[in-house]
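Encoded as structure tokens, the structure appears first; notes follow it.
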Amino acid sequence: MKDWFDVAKKIESRVLLAAESAGLDLAVFDADVRPADPRFGDVQANGALPYAKRHKTNPRQLAQSILAKLEEDDEVKGVATLSIAGPGFINFTLKPTFILEWVKTFSGETALRESAGQLKANRKVVVDFGSPNTAKQMHVGHIRSIVIGETICRLLEFCGAKVVRDNHIGDWGTPYGKLFYAYKRELDQEALENDPLEELERLYKLGSSLANEDESVLEESRQELVALQNGDSQSMALWERVNDLSIQGLKTIYEVLDVTYDCYLGESFYRDKVEQVYNELCESGIAEESKGALVVFHPEHKRYSKQPFIIRKSDGASNYATTDLATMLYRKEHFEATDVIIVTDARQKDHFEQLDLTCQKWFQASKRDLPDFSHVMFGSINGEDGKPIKSRSGDPIRLRELLNESIERAYVIVKEKFEERNAAIDEEELMHIASVVGVSAIKYADLSQNRTSDYQFSWNKLLAFDGNTAPYLLYAATRVQSIFRKLEAGDQNDLESKASPYETAEELALAKKVIGFVGTLHTTVDTLKPHFLCTYLYELAGTFSAFYAANTVIVDDEGQKARRILLCKRTLEILKTGLSLLGIPTLERM
RNA sequence: GGGGCAGUAGCUCAGUUGGAUAGAGCACUUGAUUUCUAAUCCAGUGGUCGGGGGUUCGAAUCCCUCCUGCCCUACCA
């Protein structure tokens with residue numbers, strides 16, 4: 001039974017064997033196993049069609065010959081009933097006895113981890129996500145990178161990889177001159193302690209506007225910047241203070257979002273590592289001078305043969321291309337990364353394609369192994385007007401304010417629901433529930449969307465209790481939990497031996513959905529697209545709700561009760577595991 | 001000018017890489033509740049998958065072309 005954990009994969013291996021003994025050429029034959037339309041079965045193998053096409057034979061007859069071999073297969077016999085439909089689809093309908101065995105055998109997060117843990121074993125992945133600038137409040141624009149990045153880290157860890165979470169903060173560059181000018185003259189010490197990012201951002205804006213109005217301020221700002229870049233000790237001390245305060249401020253939001261980092265290696269960290277990049281790229285002839293700048297062209301590429309990758313500006317300064325190159329090298333040499341993932345918005349696609357091409361040539365020339373590089377990109381969050389969301393004043397909406405508003409809205413809704421139900425709840429728990437619902441709703445709204453597309457932000461949608469939302473999933477989890485609270489002592493003993501095979505349509509649907517988690521995990525990790533997991537969890541919750549409405553769990557019949565309790569346990573385990581991968585905790589009640 | 005991404009129900013979105021009669025939620029029309037939490041569930045209405053051509057047993061998916069929107073395109077990140 002152990003090797004049936006991934007049902008589709010196992011069936012694929014049996015189909016291949018059957019095809020081979022039916023005389024097919026396995027070098028060409030692809031079983032093409034996938035979930036089936038429930039009207040026809042649970043799993044389908046479509047490989048006979050393209051194979052017949054290639055060999056100009058009758059696909060249905062070919063499917064028939066594979067099926068004949070499968071029906072002789074003892075491994076398949078107890079698992080599924082087979083049929084052929086249409087032009088040659090082989091359909092597998094799982095038998096209730098097998099379904100029960102599966103549900104009994106693969107219990108809990110441990111079993112899930114055991115199999116998933118093979119997927120990314122021996123990988124060491126540096127995930128670069130979040131990446132805000134220092135001395136600035138984070139705004140909505142940062143949420144996708146943070147939430148998607150954290151989920152990818154959790155998924156990879158679940159699948160056995162070692163993960164380094166790196167926050168590549170923007171902590172170096174021109175804004176510091178103006179900030180320091182204002183900091184030295186206009187600092188509000190109390191405000192800085194209360195909310196460092198708010199005060200630093202105020203000071204930067206102040207310095208910036210003063211410099212715009214007054215040429216002498218601009219000149220003094222320039223001097224501040226020069227002093228910093230020359231490593232003046234006073235400037236460096238101030239720079240470090242600003243950074244410490246900034247990171248401290250960022251962390252208050254990361255705590256709310258339940259996000260952690262292993263390191264904060266910002267742009268400043270790489271400033272003494274760019275010389276090596278220039279030298280190596282020049283020596284190997286990859287980089288060249290153009291219009292005073294040092295650039296890389298890729299002649300083989302239709303566009304990047306003309307569009308340069310600028311690695312040193314004509315004024316001699318480095319830019320983000322330079323630090324990104326240095327960063328790739330550091331991640332390889334210091335972390336020994338097998339994979340590097342950078343999570344940013346889709347507008348930076350060109351940049352990272354050029355980075356990847358350049359790194360391939362550079363690493364090859366220097367006889368280094370290049371880590372597998374993925375630019376995990378995402379679309380923008382739009383308002384109802386279809387344009388990127390802004391506050392009424394036209395400024396970006398602050399992340400902190402967005403989260404607070406969500407919690408406040410959740411509070412009102414949750415309180416109302418408890419009042420409607422006449423259920424007692426103290427203020428502390430109410431706040432806790434509101435906080436979980438509010439924050440989860442924001443995260444889930446983002447994760448449930450295909451990350452490569454833009455999406456439209458809507459309070460009504462993300463906090464709704466219908467549809468593919470966090471509240472719906474959280475509610476489903478609380479309903480399962482409430483069943484366990486109602487059980488009597490002994491109800492959970494010897495479930496495996498007491499359980500009878502599943503019969504009702506709702507039981508079978510739910511059990512099959514439970515089995516389907518394995519395939520979803522594969523798809524999600526392969527594509528690094530969390531919305532596949534979200535869609536699955538939503539379907540699982542929906543299938544559970546239908547089961548819950550139609551099949552009472554706590555019944556007199558011991559076999560029936562046991563098998564349903566078992567199903568509830570698995571549902572809850574998967575809901576909890578899946579949600580935790582998304583960075584969302586579950587609630588006892590709501 | 002060149003390139004990328006997108007266009008699916010009135011609205012918001014899925015669609016497992018070419019599979020069977022294109023799916024959800026909202027909205028609309030219905031039915032179910034002294035509940036293991038109805039924040040739920042059952043059923044129904046709603047589609048020339050932007051338009052047109054092509055490839056084949058089979059196309060929302062691949063190719064060509066046109067229309068529309070967003071983004072990138074030398075020294076911001």
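Note on naming: letters A, B, ... go to the chains in the order of the sequence lines (proteins, then strands), and numbering restarts at 1 for each one. A quick note: this is a predicted structure, and the numbers were derived from the prediction, not measured.
Contact annotation: side chain of Ser314(A) to base of C75(B), donor-acceptor pair present below 3.5 Å.
Protein atom OH of Tyr320(A) is 11 Å distant from nucleotide atom P of C72(B), rounded to whole Å. Following rounding to the nearest Å, Phe547(A) (CZ) and U40(B) (C1') show an atom-to-atom distance of 15 Å. Distance CD (Gln456(A)) to C1' (G7(B)): 15 Å, rounded to an integer number of Å. Per the geometry, CD belonging to Glu353(A) stands 9 Å off P belonging to G4(B), to the nearest Å. Put simply, CD on Glu539(A) is 13 Å from P on C41(B), counting in whole angstrom units.
Comparing U40(B), U16(B), G18(B) by their closest approach to the side chain of Arg479(A) singles out U40(B). When each of A20(B), U12(B), U37(B) is scored by its nearest atom to the side-chain atoms of Arg485(A), the top-ranked nucleotide is U37(B). Residue Glu420(A) places its side chain closer to A39(B) than to any other of A77(B), A74(B), A39(B).
Across the interface with RNA chain B, nearest-nucleotide mapping of Tyr455(A) and Tyr472(A) shows Tyr455(A) to be the residue nearer the 5′ end.
Counting any heavy atom pair closer than 4.0 Å across all strands shown, Ala85(A) reaches a base atom. When heavy atoms are screened at a 4.0 angstrom cut-off, Pro471(A) is found touching no nucleic acid atom at all.
Using a 4.0 Å cut-off, no side-chain N or O of His531(A) falls inside it from OP1 or OP2 of C13(B). For U37(B), one of the phosphate oxygens OP1 or OP2 lies less than 4.0 angstrom from a side-chain nitrogen or oxygen of Lys486(A). Contact check, Lys313(A) against C76(B): a side-chain N or O comes under 4.0 Å of OP1 or OP2. Here Arg34(A) reaches the OP1 or OP2 of G19(B): one of its side-chain N or O atoms lies under 4.0 Å away. OP1 and OP2 of U33(B) both lie 4.0 Å or more from every side-chain N or O belonging to Tyr548(A). A sub-4.0 Å separation between OP1 or OP2 of A77(B) and a side-chain N or O of Gln348(A) is absent.
Across the P atoms, A59(B) and G23(B) are found 16 Å apart, a figure rounded to whole Å. Straight-line distance between the C1' atoms of G25(B) and G15(B): roughly 15 Å, to the nearest whole Å. C67(B) and A24(B) have their C1' atoms separated by 29 Å, with the value rounded to a whole Å. With both ends at atom C1', the span from A14(B) to A60(B) equals 12 Å, rounded to whole Å.
The side chain to side chain contact (heavy atoms under 4.5 Å, CB included) search around Glu488(A) returns Asp491(A), not counting sequence neighbours. Legend: residues meeting side chain to side chain contact (heavy atoms under 4.5 Å, CB included) with Asn243(A), ordered by chain and number and at least two apart, are Thr134(A), Asp171(A), Tyr176(A), Trp239(A).
Taking a cutoff of 4.0 Å between a charged side-chain nitrogen and a carboxylate oxygen, Arg312(A) and Glu289(A) qualify as a salt bridge. With respect to Asp385(A) and Lys387(A), no salt bridge is recorded, no charged nitrogen being found less than 4.0 Å from a carboxylate O. The existence of a salt bridge linking Glu573(A) and Lys569(A) is excluded, since no basic side-chain nitrogen approaches an acidic carboxylate oxygen closer than 4.0 Å.
Side-chain contact annotation: Asn450(A) with Tyr455(A), donor-acceptor N/O pair under 3.5 Å absent.
Taking a pair to require two hydrogen-bonding distances under 3.5 Å in either a Watson-Crick or a G-U wobble arrangement, U61(B) remains unpaired.
For U17(B), the base is syn relative to its sugar; the glycosidic angle is within 90° of 0.
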